[in-house]
Structures are given as structure tokens and as C-alpha cells.
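Structure, as C-alpha cells:
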Amino acid sequence: MNIFGVYQKLFKVYGPQGWWPILVLEQGIKYSIPYRSLSKYRASFRDPYFEIAVGAILTQSTAWKNVAIAINNLYNAKVLTPNKISRIKTARLQTLIRPAGYYKQKAKKLKIFSDWLVKNYNGDITRLKRCKASEIREKLLTLWGIGPETADSIILYALNKPLFVIDEYTRRLCKKYSVEFKEYDGYREFFEKKLPKNNKIFQEYHALIVASGKDKHTKI
DNA sequence: TACCAGGTCCTCG
DNA sequence: CGAGGACATGGT
């Protein structure tokens with residue numbers, strides 16, 4: 001199985017996905033904001049880098065459409081920053097993210113993650129970039145509610161560091177080509193070893209796998 | 001109307 | 001360990 005060939009094929013069929021989708025203020029919900037332009041959307045009431053991490057937590061076993069509603073609620077309430085989430089009452093946070101499902105658990109997860117950012121990184125998620133990806137990963141995995149897929153999504157999409165994200169769609173795709181591992185890291189290292197170590201490709205590839213995974217008529 | 005979605009944690013053997 | 005269950009809403 002030529003893994004880069006599969007990527008090119010996916011790209012040809014589904015086109016650039018432009019992940020991670022970000023809520024853009026002026027025009028309501030919009031997707032495909034280039035990573036380099038995220039910084040100009042930073043404000044006291046919302047942080048797009050943090051928003052990506054929030055989305056990664058909220059989308060755990062949940063359709064993105066529901067997550068988008070929850071993120072929109074957080075945006076309208078002007079609480080899309082670590083400091084605001086850390087201060088907000090749990091009951092109110094639960095109400096805002098309710099459309100994303102598992103809302104009690106996820107409110108707790110967002111609280112724990114935000115408290116941790118406030119305590120250790122002055123409420124600025126981009127300060128994590130100073131560490132190596134592997135170190136960030138270890139730290140994130142110690143937090144309750146953040147498992148390997150969520151940690152890797154945060155590192156790849158919110159911090160723009162090259163770690164390959166594995167999800168159920170990725171495992172299914174691999175299985176089609178008779179590639180199987182027992183552990184999450186088996187899959188991750190398989191992709192990381194065989195692909196050029198390039199953030200953009202990792203970001204696009206995972207998004208394309210999800211796009212084809214959702215497509216019932218996928219031929220890849 | 002069932003089934004399922006861009007997982008993670010907990011419990012029990 | 002590893003299997004099985006809990007967590008929850010909205011779309012198709």
C-alpha cells in the first residue's frame with residue numbers, strides 16, 4: 001500500500017478540506033481559515049487556537065454539526081478563551097455546550113483543560129508551542145478527558161506541530177489495505193514514518209480520511 | 001424510528 | 001490487560 005498515493009487519490013476526489021474549521025465572526029459559521037491567519041481573530045472574548053482545542057474535545061464521538069452549534073453558543077456568550085471558561089459557572093457551561101452531547105462530562109473536560117492552561121501557561125494555549133510535540137502530548141494525556149486522538153488533534157491543528165491523528169475512520173481505511181495494529185501509536189507511527197514530516201500534509205490527510213469515511217459511496 | 005457521530009473513562013473479571 | 005458499559009444530543 002502506497003500511503004502517499006492514497007493521500008493523493010483522496011485529495012483528487014475530495015479536494016482540500018482546510019481543517020481545522022473555525023468560527024468566523026463577520027460571516028457566521030465558515031470553514032477553511034488558513035492557520036497563518038488565525039492570529040488576527042484573537043481577542044479578549046475569543047481565541048481561535050483555543051477554539052480548535054475546544055472543538056477537539058467537544059467532537060469526541062459526536063457529529064461536527066452538533067459541535068458547531070455548541071461552539072457558536074460559546075462564541076455568542078463571549079467565553080471562548082481559557083480564562084473565561086475557567087471562570088464560568090459549570091451549570092452555565094453545560095447549558096451552552098449541551099447540543100454537543102455528553103454535556104456534563106464535556107463541561108468537566110473543558111474546565112479541567114482551561115484551568116490547567118490558566119495555571120501553567122497564563123491562559124495562553126500557544127505557549128505550549130515552546131515544548132516538543134512529544135512532551136506536549138505527555139502532558140495533555142495526564143489531563144482527565146484528553147485521550148490520544150484529542151491530544152494529537154490539539155497538537156496538530158491548534159499548535160501546528162506534525163503528529164498524525166488516528167481515528168476510527170483511519171483504522172477502517174487501513175483495514176481495507178490489510179494494515180492493522182493493536183495500539184493507537186502503532187497506527188500513528190505507521191503514518192508518521194511513511195509520510196513526509198509536513199504539518200500541512202498531516203492536517204489535510206486526516207481531514208480527507210474523515211471526508212471519505214463519511215462518504216458512503218467512497219471508492220478509496 | 002432506530003442508528004450513529006472526527007472518544008474517553010470506569011468497572012469488572 | 002480487555003471487554004463491556006456509560007455518557008447525550010441532533011441529523012438522517
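Below, chains carry the letters A, B, ... as their sequence lines are ordered, and counting in each starts from 1.
- In this structure, Glu168(A) and Lys108(A) both approach DNA chain B, and ranking their closest nucleotides by distance from the 5' end singles out Glu168(A).
- dA5(B) atom C1' lies 12 Å from atom NZ of Lys216(A), rounded to whole Å.
- Residue contacts shown for Tyr103(A) are limited to sugar-phosphate atoms, with no base heavy atom under 4.0 Å away.
- Distances shorter than 4.0 Å separate none of the side-chain N or O atoms of Thr62(A) from OP1 or OP2 on dA8(C).
- Nucleotides dA8(C) and dA2(B) have their C1' atoms positioned 16 Å apart, rounded to a whole Å.
- Which of dG7(B), dG11(C), dC10(B) sits closest to the side chain of Ser61(A) comes down to dG7(B).
- Residue contacts shown for Lys104(A) are limited to sugar-phosphate atoms, with no base heavy atom under 4.0 Å away.
- In the set dC10(B), dG7(B), dT9(C), dC10(B) carries the atom at the smallest distance from any side-chain atom of Trp144(A).
- If you take CH2 of Trp64(A) and C1' of dC4(B), they are 18 Å apart, rounded to a whole angstrom.
- Straight-line distance from the CD atom of Gln105(A) to the P atom of dC9(B): 9 Å, rounded to whole Å.
- Across all strands, Ile209(A) comes closer than 4.0 Å to no nucleic acid atom at all (heavy-atom distances).
- Follow the hydrophobic side-chain contacts under 4.5 Å out from Leu110(A) and you never reach Leu141(A); the two are in separate clusters.
- Screening Phe11(A), Phe191(A), Tyr14(A) against Tyr205(A) for a ring pair (Phe, Tyr, Trp, His ring centres under 6.0 Å) leaves a single residue, Phe191(A).
- To the nearest whole angstrom, the two P atoms, one in dG5(C) and one in dC3(B), are 15 Å apart.
- For the pair Leu141(A) CG and dT8(B) P, the interatomic distance rounds to 9 Å; values are reported in whole Å.
- For Lys109(A) and dC7(C), the NZ to P distance is 13 Å, given to the nearest whole Å.
- The Glu149(A) side chain lies nearest to dG7(B) when the options are dG7(B), dG2(C), dG11(C).
- The residue Arg172(A) sits close only to the backbone: its heavy atoms come under 4.0 Å of sugar-phosphate atoms, none of a base.
- Within 6.0 Å of the NZ atom in Lys197(A), the count of heavy atoms belonging to other residues, nucleotides or ligands does not exceed 12.
- As rounded to whole Å, 14 Å separates atom P of dA8(C) from atom CG of Asn66(A).
- For the pair Arg171(A) and Tyr187(A), the cation-pi test (distance below 6.0 Å, angle within 45°) is passed.
- For the pair Ile57(A) CD1 and dG7(B) P, the interatomic distance rounds to 14 Å; values are reported in whole Å.
- Of the P atoms belonging to dT8(B) and dG10(C), the separation is 23 Å, rounded to the nearest Å.
- Geometrically, Arg98(A) engages Tyr103(A) in a cation-pi contact, judged by NZ or CZ lying under 6.0 Å from the ring centre and within 45° of the ring axis.
- For Glu168(A), the CD atom sits in a packed shell: over 12 heavy atoms of surrounding residues, nucleotides or ligands are nearer than 6.0 Å.
- Within the structure, every side-chain polar atom (N or O) of Lys106(A) is placed at least 4.0 Å from both OP1 and OP2 of dT9(C).
- The OH atom of Tyr184(A) sits 11 Å away from the C1' atom of dG7(B) (whole-angstrom rounding).
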